[in-house]
Every structure is written in C-alpha cells, then in structure tokens.
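Count residues from 1 along the sequence.
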Amino acid sequence: MKKLLTVLALGAAFSSGNALAWGNDGHRAVGAIADQLLKGSAAQAQIASLLLPGESLEKIANWPDCVKGTYCGPQSPEMLTYVAANPKHGEYHYTNVPFQNVHYHDHAVGTADDDIVQTLKQAILVLQGKADAASNPHRFSKREALILITHLVGDIHQPLHVGNAFVGKDGSFFVPATQAQIDDVAIFNARGGNDLLLDDAKMTALSNAVIPALPADDGEARPASPYPKSPTKPLHSYWDSTVVDYAMRRLSTRTPQQFARTVIASAPQVARNSGDPVSWPYQWADASLAASKIAYAAVVAGPATQQTSRKGDVYNVWTLTVPDNYPVPSSALAKQQLIEGGYRLAAVLQAIWPQ
C-alpha cells in the first residue's frame with residue numbers, strides 16, 4: 001500500500017503537549033449521548049441535584065479541560081478552588097501503559113497514583129457514598145466527582161489516553177519492562193503521541209479523498225484562528241479532534257446533539273461492564289488498550305530529530321508514515337469509542353443510582 005511520509009517541523013501551537021482528549025465536540029458528544037439515555041431515570045434526578053441551573057452532562061463535559069487555562073473563558077471561583085486543591089489535576093486525564101500491552105495493572109509501567117484509572121475509581125466511590133480519607137485523598141465533592149466522571153469516561157475511551165508509545169531514537173517502538181528503562185537515552189516516552197508528528201496538509205488531502213464532505217452550512221462560519229497554522233499535527237491531536245470531525249462527517253452530523261441522536265437511533269451494541277462499578281475503569285482501560293493497537297496499526301516512526309519549545313526546552317520528535325486510508329479506520333474507531341464512552345457514562349451513573 002502506498003504510504004504517506006510526514007514532514008518534521010512542529011508548530012508552536014502544539015509544543016506544550018497539553019492535549020485535550022476528544023476536544024470540545026467529542027466530550028460534548030459523550031455527554032449528550034448519556035443525557036439522552038438517562039432521561040426519566042432515577043440517575044437523572046440525582047445528577048440534576050448536583051448540577052447548576054442550565055447545566056447538563058454535555059455542558060459540563062469539558063469543565064476539567066477548561067480549568068487548565070482561560071481558553072473557555074474566565075475561570076469561575078469554583079474552578080480556581082478546584083485547581084488550587086488539585087495541583088496535579090492535569091495528570092488525572094491519562095495513563096501511559098505501553099500500547100502493546102493487554103491489561104492495565106496497578107503500579108505497572110506507565111501507571112501512576114493520580115492517573116485516569118485511579119482518579120475514576122476515587123470519583124465513583126464518592127458518588128457511591130463509600131469514600132473515606134484513604135480512598136478519596138483529593139477530597140472530591142460529589143459535584144466534582146460527577147464532573148470528573150463525565151469528562152474522564154470520555155478521556156479513557158480516547159485510545160491514546162491509555163495506550164502510549166515508547167520509542168527509540170531510530171523510531172522503533174519498545175515495550176519497557178520497568179519504569180527505569182524509560183531513560184530518555186535509549187527509550188523515550190512519546191507522551192501519548194504528542195511527539196509523533198503527522199503532515200497536516202497531506203492528512204487533510206487524504207481525508208478529503210475518503211471521508212464525505214458535509215453539505216454547505218448556511219450558518220455563521222467559524223472565526224479564523226489568530227495563531228499561525230502549523231504544518232504538522234501531533235498524532236495525539238489527530239485523535240483528540242480530527243477523527244471526531246471525520247466521524248461526524250461520515251454520519252452527516254454537525255453537532256454533538258445530532259451525533260448523539262443519530263447513533264442512539266442506530267441502536268448500537270455496546271458490551272456491558274460487570275462487577276462493582278469501582279472496577280469498571282480497569283475494564284475501560286483494557287478496552288482502550290485494544291483500541292490503541294488499531295490506532296497504531298501500520299504506523300511507522302522515522303528517526304528522531306529535535307525541536308525547541310517556546311520556553312526554550314529541547315525535545316525529540318518523530319515523523320510518522322501512515323497508510324493512505326488511515327482516516328477511514330481511525331474515524332470508524334473514533335465513532336465506536338465515542339458511542340461506547342456515552343453509553344458507559346450512562347451505565348455507570350445508572351449503576352451508582354439505580355431505578
């Protein structure tokens with residue numbers, strides 16, 4: 001199969017590596033699916049008691065990303081209080097298990113005490129009313145726990161927020177046996193794919209050839225970004241936002257609400273989780289590891305070169321070669337992961353607050 005060889009430069013807009021899983025529309029889609037599935041349930045009533053007037057799961061879904069800066073608007077006193085009480089809140093959104101692995105295990109390579117699985121466990125215990133000082137070290141309130149579950153169930157279904165690439169200078173992918181092997185000399189952490197680069201223009205051309213365009217929109221056009229467009233896109237950013245756009249295009253939907261209505265009407269088959277809901281984050285992580293293997297299928301990294309961030313930090317990046325049809329399987333997988341995220345968010349909240 002003909003391959004796409006990507007170029008190397010990394011724009012300043014992506015130099016921080018502070019990725020927002022699924023992006024705005026993806027998280028809203030997960031929340032919108034759950035909102036619709038929970039209508040009329042006991043869980044919906046419990047959720048409403050923790051939300052402010054006008055809020056919904058869709059509307060709070062991006063809250064834990066919005067607290068990272070001011071790009072959602074000025075931070076509220078509630079956000080400032082949360083950030084001050086949770087200095088490591090950025091670590092709650094992901095784990096870094098080698099994508100080649102089958103299972104997430106506590107204290108294994110790439111995991112952490114404040115990673116996404118552990119944070120979801122804590123938040124679920126809070127809503128179950130089972131938390132104590134040991135199991136809720138961050139002292140999440142019930143409202144914070146609901147907000148975190150709404151967001152992090154979306155995050156854990158983004159494959160690159162669980163399955164991580166560890167790579168050598170020559171571009172070879174490794175499975176480190178110990179944390180000490182990730183020494184930034186022989187084996188590097190690709191940071192959820194943030195240091196693996198795609199040629200944005202070529203990926204756009206490839207997608208235009210295989211992903212149907214939406215009909216012209218009579219509404220207002222989106223304002224142009226004030227930032228210069230980077231010629232490259234990190235693989236993580238592609239999975240956060242680009243494939244969400246492709247998935248929505250393939251269903252001829254423009255908004256998260258339209259996406260939610262369309263997928264629910266199709267009556268998708270979503271595997272049920274079993275056991276105590278506090279164990280479900282492990283099951284979700286294992287499923288995401290399986291999905292990450294598809295995300296990395298036939299993806300080849302070239303030799304490392306160095307970039308310099310706006311702060312002056314020097315770090316390694318790797319160009320990627322991907323199959324010509326990569327937008328097709330990746331957008332199909334994104335659609336499935338968004339659906340599963342929405343259905344499993346509804347399921348865990350119903351399990352916590354049954355009929």
Worked check of side-chain hydrogen bond (donor to acceptor under 3.5 Å, both in side chains) between Tyr246 and Ser207: CA-CA 8 Å; Tyr246 295 166; Ser207 70; 3.1 Å; yes
Just so I know, are the side chains of [X] and [Y] near enough to count as touching, which here means a heavy-atom distance under 4.5 Å?
| X | Y | answer |
| --- | --- | --- |
| Val30 | Glu58 | no |
| Val317 | Tyr315 | yes |
| Val210 | Pro327 | yes |
| Leu197 | Leu320 | no |
| Ser274 | Gln283 | yes |
| Leu148 | Phe140 | yes |
| Val153 | Trp284 | yes |
| Leu146 | Leu349 | yes |

Ser279/Asp276 under side-chain hydrogen bond (donor to acceptor under 3.5 Å, both in side chains): CA gap, chis, key distance, verdict: CA-CA 6 Å; Ser279 72; Asp276 190 319; over 6 Å; no
Residues forming a salt bridge (Lys or Arg N to Asp or Glu O under 4.0 Å) with Glu78, sequence neighbours excluded: Arg143
same_hphob_cluster([X], [Y]) at 4.5 Å side-chain heavy-atom cutoff:
| X | Y | answer |
| --- | --- | --- |
| Ile187 | Leu196 | no |
| Val167 | Ile182 | no |
| Ile124 | Tyr94 | no |
| Leu333 | Val299 | yes |

Can a donor-acceptor pair be found between the side chains of [X] and [Y] at a distance below 3.5 Å?
| X | Y | result |
| --- | --- | --- |
| Gln158 | Gln337 | no |
| His157 | Arg344 | yes |
| His27 | Asp155 | yes |
| Thr242 | Lys233 | yes |

How long is the gap from [atom1] on [X] to [atom2] on [Y], to the nearest 0.5 Å?
| X | Y | atom1 | atom2 | result |
| --- | --- | --- | --- | --- |
| His93 | Ile156 | NE2 | CD1 | 12.5 Å |
| Asp245 | Ser331 | CG | OG | 10.0 Å |
| Asn189 | Asp183 | CG | CG | 11.5 Å |
| Ile47 | Lys142 | CD1 | NZ | 12.5 Å |
| Leu152 | His161 | CG | NE2 | 10.0 Å |
| Gln179 | Asn96 | CD | CG | 8.5 Å |

Step-by-step side chain to side chain contact (heavy atoms under 4.5 Å, CB included) determination, Tyr296 to Leu160: CA-CA 9 Å; Tyr296 277 101; Leu160 272 61; 4.1 Å; yes
All side chain to side chain donor-acceptor pair (under 3.5 Å) counterparts of Asn316, not counting sequence neighbours: none
Residues forming a side chain to side chain donor-acceptor pair (under 3.5 Å) with Asp106, sequence neighbours excluded: Gln118, Tyr282
Any donor-acceptor N/O pair, [X] side chain to [Y] backbone, under 3.5 Å:
| X | Y | result |
| --- | --- | --- |
| Thr111 | Ala108 | yes |
| Arg249 | Leu214 | no |
| Thr119 | Ile116 | no |
| Asp65 | Asn62 | no |
| Asn86 | Tyr82 | yes |
| Gln75 | Gly69 | yes |
| Asn164 | Gly192 | yes |
| Trp63 | Ile147 | no |
| Thr253 | Met248 | yes |
| Thr70 | Pro74 | no |

Would you please indicate yes or no on a ring centroid separation below 6.0 angstrom for [Y] and [X]?
| X | Y | value |
| --- | --- | --- |
| Phe99 | Phe166 | no |
| His89 | His138 | no |
| Tyr238 | Tyr326 | yes |

Show the nearest heavy-atom pair for residues [X] and [Y], with the distance to one decimal.
| X | Y | result |
| --- | --- | --- |
| Pro354 | Ala351 | CD-O, 3.7 Å |
| Pro98 | Val175 | CB-CG1, 4.2 Å |
| Trp239 | Ala334 | CZ3-N, 4.3 Å |
| Pro64 | Val67 | O-CG2, 3.2 Å |
| Leu289 | Val162 | CG-CG1, 3.8 Å |
| Val243 | Ser330 | CG1-OG, 3.6 Å |

Identified side-chain hydrogen bond (donor to acceptor under 3.5 Å, both in side chains) partner of Tyr104 from the options Asp115, Asp286, Thr95: Asp115
Pair Lys39 + Asp35, salt bridge at N-O below 4.0 Å: no
Check ion pair Arg254-Asp25 (N to O, under 4.0 angstrom): no
Pair Trp353-Leu127, side chain to side chain contact (heavy atoms under 4.5 Å, CB included): steps then yes or no: CA-CA 9 Å; Trp353 294 306; Leu127 290 191; 3.7 Å; yes
Residue Lys335 excluded, over 12 heavy atoms near NZ under 6.0 Å: no
Lys88 NZ: over 12 foreign heavy atoms closer than 6.0 Å: no
Ile149 and Leu120: CA distance, side-chain angles, deciding distance, side chain to side chain contact (heavy atoms under 4.5 Å, CB included) verdict: CA-CA 6 Å; Ile149 290 170; Leu120 275 166; 4.3 Å; yes
Stepwise side chain to side chain contact (heavy atoms under 4.5 Å, CB included) test for Phe259 and Thr255: CA-CA 6 Å; Phe259 180 86; Thr255 68; over 6 Å; no
